[in-house]
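Residue numbers start at 1 and run along the sequence shown.
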Amino acid sequence: MRDGAESFALADRTFFDWPGNWDLEATRFPAPPLPDGWTRDDNEAWTFCRPAEDHLPDQGWKIHVSAAPDDARRTLADVAAYCTRHGLAFKYLKSANVLRALSRKYAQRSSAGKLLTVYPVDDAELARTLEGLDALVGGRPGPYVLTDLRFREGPLYVRYGGFRTRYTEDGNGDLVTAFRRPDGTPEPDRRTPVFHTPDWVTVPDILKDSLAARQAVDDFPYRITGALQFSNGGGVYRATPVGADALGAGEESVVLKEGRPYSGTDGVGRDAVSRLAHEHRMLERLAGLPGIPRTFGTLQVRDHLFLVLEDIAGQDFQTWLAAHHPLTVPDPDERAVAAYRDRALALLGRIEALVAAVHGRGIRIGDLHPGNLIIKPGDEPVLLDFEVADEADRATPSSLGAPGFHRADATGTDGDHYALAAIGLWLFLPLAALGGLAPDKAPALLAAAAERYALPDALVSRLAPQLAPNDDTTCELASPAGPWPPSGLLASLGRGLRDSATPHREDRLFPGDFEQFIEGGAGFGHGAAGVLWARHTALGERDEEGTAWLRAAVDRVPVERIGFYDGLHGMAYVLRELGDEQAALHALDRAADGLAVRHCPSLYRGLSGVGLNLLHFAAVLDSDALRRQALGLADRVTERLTAARGEPVARKRRHGSKDAAGLMYGWSGAALFLLRAHQATGDPGLLDEAVRAVHRDLDRCAPGPQDTLQVDEGFRLLPYLDNGSAGIALVAAELLDHRDDDRIRAALPALLRACAADFVIESGLLGGRAGLLATLAALRDRVPVPPEATERYLRRHLTRLGQHAMTRRGATVFPCDGRARISMDLAGGGAGVLLALSATERGTPLLPFLTDSRSAAAVDPAAPGRGGGAASAATPTAPSGAAATTHRGREVS
């Protein structure tokens, strides 16, 4: 799973949800009694308790109280009683399951460990409260709160931060919580997993001994040379032994695996320290087996445990697969496909032999998946991570496992055999994680892999029984039955969106990626606005109840969240499209108050998306004021572009909108805005800047295989619509209608060719196959690619979407980015696939502002493919390039 996803995957096995909804009533903590006049309010995870007279400042030193799960109720009762007795505002986690969720191994480290938060009003009350609570609960067990300074022996932790929620933009262009400097300017409230004090804040005297203890240097016999991985349970580091007494002395390099007490818990509540000590015992039993790393022992530093391991030279299995998989190109060489098949079969045989040798020592692995394998030169596998390994005949399931590689009901070595079969499938079709969602998906994928690679019948016969679905009656997802694409696919997708709606909830209307809980559940990318617009655009639907929900959500969104894809401007656009102009204008008014904190030029959350929407509203309302505001943003974007041109090109993984390329986060989105501003004004300087913006994105690209051009992140090449070559291609083609540019014209065919890869790991619009399909269809006649090749690529994308598709209550649905849960959102879920298919078949708008901004209701209800027929044929009936680009050159309207 992606970082942070695990906590949101516990409450529901089909959709992401707040961890606070995970068996809430069964695990809710008893509500502490409150004096008369106090108030008690809940949000998704916390209960807030405030005295009648709330004198809290906006920011200050806050106290976090941690607790081990078995001690949480007692600690909560004791701390709450102290706070009510002394008139201190506080909040606490609503349930034991929320505490468990935030303590899991792959929970977000910045949130982990906190059971209560206490809010002293000043430094004097901080000192009194720390002394009082330390006398009451000091020394009790609890996880370390990584963002904080530990007070004495815990479980009290302290950090300076905001008491009331405010937002600002950080250096990556992300909207983050903030406090204010003494001069009133906002500053990001850093919640990184390390204690930090703002440069203008003085540490109170009560904390100075604790700070000195934290800064004391332990006699650590290793020099850390790199971090390999972090989890809530601790880090994994590469290190050099220092001195003859270090474990592994004489080795040039070792790996240190860290375990933090009461943190990184598994399904049965064992913490990272317990599992690490257990792993050491398992490795000692496996000593001497080829493919098992040597262990040099364990090291205790304060209350952390370190396991010292042999440093294995090789590639992690996922990197190996990405480097060698033959289907990541537009036209795979069938000889290369056959050669890869034979190589992968040989490697699978070695992995199976290694697992059999482990079983021969009487041990089951329990958490076998590609992330726990390293491939040495010569394709020799090495097994890592024996934290949940156990006796081979253990009659209980493993307590941890990766989706698609873990069968929750498997006992003994059966779980390892299932994981081996899933690895066998993953080697050829790396979508095995989908089997964790729909039990019958893995056999369908195995059949597809067997056909594509001509896998030996003996292998398929061996893997198929292991991957066969169990009798799980609680799963509501299934692999689509019958041929793909089915008749009435668009109507089926629309039904899936409608059936998933939860209008009784304020936090979301449609389930989506867990990012929606960060962005607020109402936005265009991951929230309600995008789903409602997709239904309106592709199906001509106007959801009255959904419109009312979105209208009410306008006042729940922070005024600082103004972006088109993540905030108020996207909501305003959709509300007007759905006929509610008054609510749309209200959203614009609220967004105006937050514009001062936004500086990021991106289309997704920054100035370019806002500017495009202001141009749109200026045109439809004939408003000079909105037009002037939009052109002012164009000036700000060109200033940022000028500054960026003086910076070196960074080919590395993007963080937020920093170092990004492409349509959503990079300069192509800005180029689209500057182009539309040029159309609105006729100013040739804006067109010059749009060309320069696309050039800046081309600077981030590198040649890929088979004459492709893709965004280069240093360790991978990206073809996608959001931050890859597809988004650049769409804007580049638009720009060439207004300004011929040798570099852009020369790059466009290679950018588009990158959209034709045979295998794509995600299905969604912004970061997956649906976006590549729609881009190829939109530009099919704009780029000198042989028409027969383009038609073949389009057919293949449409057919391969079936590998990702599932059904829920008879309707077609799709997984989100990461394939851990089903999503209905526009960015990565069903709404985006619906838009891509409709745009491909009937020329409806793919995204706002790219070409025509016409209302979806303008689509003829009697048009071919409407409702029942869309995407029902094996050959897409996409319009010609001329039809798809009829409206190019018009002003935004």
Side-chain angles (χ1 to χ4, degrees), residues 8 11-12 14-18 20-21 41-44 493-591 594 605 613 617 808-809 811 813 816 821-832 834-835 848 855-857:
F8 292 94
D12 190 302
T14 302
F15 302 120
F16 283 123
D17 206 346
W18 286 104
N21 292 331
D41 301 295
D42 281 358
N43 70 7
E44 293 79 11
L493 279 165
R495 188 166 66 253
L497 298 176
R498 291 191 300 274
D499 290 350
S500 71
T502 56
H504 59 283
R505 294 178 59 158
E506 288 191 352
D507 58 333
R508 73 166 192 212
L509 178 57
F510 299 98
D513 191 283
F514 70 92
E515 188 72 23
Q516 72 175 189
F517 297 116
I518 300 168
E519 294 183 355
F524 196 84
H526 292 294
V531 180
L532 293 171
W533 189 77
R535 290 170 54 194
H536 188 56
T537 299
L539 303 172
E541 295 179 353
R542 186 183 187 280
D543 182 340
E544 298 288 350
E545 189 174 36
T547 303
W549 189 98
L550 189 62
R551 182 190 312 122
V554 168
D555 287 319
R556 296 194 292 264
V557 176
V559 295
E560 299 92 344
R561 193 171 289 282
I562 65 171
F564 189 88
Y565 279 82
D566 74 334
L568 287 164
H569 270 271
M571 297 166 67
Y573 178 88
V574 173
L575 283 165
R576 189 188 179 279
E577 290 282 292
L578 296 174
D580 195 336
E581 188 166 293
Q582 183 177 357
L585 294 176
H586 176 53
L588 289 186
D589 287 342
R590 292 201 76 231
R605 60 172 61 94
N613 197 44
F617 273 91
R808 175 180 181 261
R809 302 175 185 173
V813 295
C816 62
R821 290 293 182 269
I822 295 300
S823 170
M824 302 298 167
D825 68 28
L826 180 145
L834 174 65
L835 280 172
S855 167

Original post:
From L835 CG over to H536 NE2, what is the distance, rounded to the nearest 0.5 angstrom?
Top reply: 12.0 Å

**OP:** Indicate yes or no for a side-chain donor-acceptor contact from H586 to the backbone of V554 under 3.5 Å, with no hydrogens or angles considered.
**Re:** no

Original post:
Which atom names give the shortest non-hydrogen contact between A583 and R551, and what distance separates them?
Top reply: CB-CG, 3.6 Å

Original post:
Between the side chain of Q516 and the main-chain N/O of H526, is any donor-acceptor distance below 3.5 Å?
Top reply: yes

**OP:** Search all heavy atoms of G496 against all heavy atoms of M824 and return the closest pair with its distance.
**Re:** O-CE, 3.7 Å

Subject >> Interatomic spacing from CZ in F510 to CZ in R498 - rounded to 0.5 Å >> reply: 10.0 Å

Original post:
Is a salt bridge present between D543 and R535, judged by a nitrogen-to-oxygen distance below 4.0 Å?
Top reply: yes

Original post:
For E506, does the CD atom have more than 12 heavy-atom neighbours from other residues, nucleotides or ligands under 6.0 Å away?
Top reply: no

Original post:
Is any side-chain heavy atom of L588 closer than 4.5 Å to a side-chain heavy atom of R576?
Top reply: no

Original post:
Got L539 and L834 here, is their nearest side-chain heavy-atom distance under 4.5 Å?
Top reply: yes

Original post:
Which heavy-atom pair separates F617 from A572 by the least distance, and what is that distance?
Top reply: CZ-O, 3.6 Å

**OP:** Could you grab the distance from atom CZ of R561 to atom CZ of R556, nearest 0.5 Å is fine?
**Re:** 14.5 Å

Original post:
Does a side-chain heavy-atom distance below 4.5 Å link E515 with C816?
Top reply: no

Original post:
Is there a side-chain contact between R508 and F517 (heavy atoms, below 4.5 Å)?
Top reply: yes

Original post:
Can you tell me how far CD of E544 sits from CG of D580, rounded to the nearest 0.5 angstrom?
Top reply: 9.5 Å

Subject >> Atom pair CZ/OH of F564 and Y573 - distance to nearest 0.5 Å >> reply: 6.0 Å

Subject >> E545 CD: over 12 foreign heavy atoms closer than 6.0 Å >> reply: no

Subject >> Sidechain-backbone polar pair: R542 side chain, T547 backbone, donor-acceptor under 3.5 Å >> reply: no

Original post:
Which word best sums up how the rings of F16 and F514 line up, parallel for under 30°, tilted for 30 to 60°, or perpendicular for over 60°?
Top reply: perpendicular

Original post:
Do you know which two heavy atoms are closest between D507 and W549, and how far apart they sit?
Top reply: C-CZ2, 4.3 Å

Original post:
Between A528 and L550, which heavy-atom pair has the shortest distance, and what is it?
Top reply: CB-CD1, 4.4 Å

Original post:
Between D825 and D513, is there a donor-acceptor pair closer than 3.5 Å when you use the side chain of the first and the backbone of the second?
Top reply: yes

Original post:
Could you state the interatomic distance from CD (E519) to CZ (R605), rounded to the nearest 0.5 Å?
Top reply: 6.5 Å

Original post:
What's the shortest heavy-atom distance between D17 and A11, and which atoms?
Top reply: CB-CB, 4.1 Å

Original post:
Just by distance, do the side chain of R590 and the backbone of V557 share a donor-acceptor pair under 3.5 Å?
Top reply: yes

